[in-house]
Amino acid sequence: MVLVLARKLDESIVIGDNIIVKVVSIENGVVKLGIDAPQEVSIMRSELLEQVKEQNISAAVKTDVDELAELSKILGKK
């Protein structure tokens with residue numbers, strides 16, 4: 001389930017005790033949000049997270065044994 005809230009410019013919402021999401025600007029149909037959260041809270045755009053997941057899956061599937069052997073040789077040298 002998704003909670004949908006309407007907010008106007010300069011209005012905010014609070015998540016938990018220490019995360020604040022504020023509408024900073026609205027221009028040409030684009031809403032800019034400011035997020036105030038503790039440093040240990042990871043914040044990432046969902047499309048970037050999905051891209052990283054896809055790249056990780058692709059890299060795992062395309063593992064070349066010869067490349068791994070070469071990398072092992074390189075890492076073995078100090």
statement: Hits for side chain to side chain contact (heavy atoms under 4.5 Å, CB included) against Lys22, two or more places apart or cross-chain, chain-then-number order -> Asp10, Ser12
task: Establish whether Val14 and Val41 are linked, either directly or via other cluster members, by ILVMFWY side-chain heavy-atom contacts under 4.5 Å.
output: no
- prompt: Which distance, rounded to the nearest 0.5 Å, do you find between the CG of Leu75 and the CD of Glu70?
  reply: 10.0 Å
- request: Quick one: pull up CD in Glu50 and CD in Gln55 and give me the separation to the nearest 0.5 Å.
  value: 11.0 Å
message: Side chains of Gln51 and Leu48, heavy atoms from C-beta outward: is any pair under 4.5 Å?
response: yes
task: Check whether Val23 and Ile35 end up in the same hydrophobic cluster, where Ile, Leu, Val, Met, Phe, Trp and Tyr are linked by side-chain heavy atoms less than 4.5 Å apart.
output: yes
query: Do the side chains of Met44 and Leu33 join up, straight or via other hydrophobic residues, at under 4.5 Å, putting them in one cluster?
result: no
query: Take atom CD in Gln39; do more than 12 heavy atoms of anything else shown fall under 6.0 Å from it?
result: no
message: Are Ile13 and Leu3 connected into the same hydrophobic cluster when the rule is that any two of I, L, V, M, F, W, Y join if their side-chain heavy atoms are below 4.5 Å apart?
response: yes
- prompt: Is it the case that one hydrophobic cluster holds both Val24 and Ile20, taking links as side-chain heavy atoms less than 4.5 Å apart, direct or via other members?
  reply: no
- line: What one should report as the nearest heavy-atom pair of Ile19 and Ala37 is CG1-CB, 3.9 Å
All side chain to side chain donor-acceptor pair (under 3.5 Å) counterparts of Glu54, not counting sequence neighbours: none
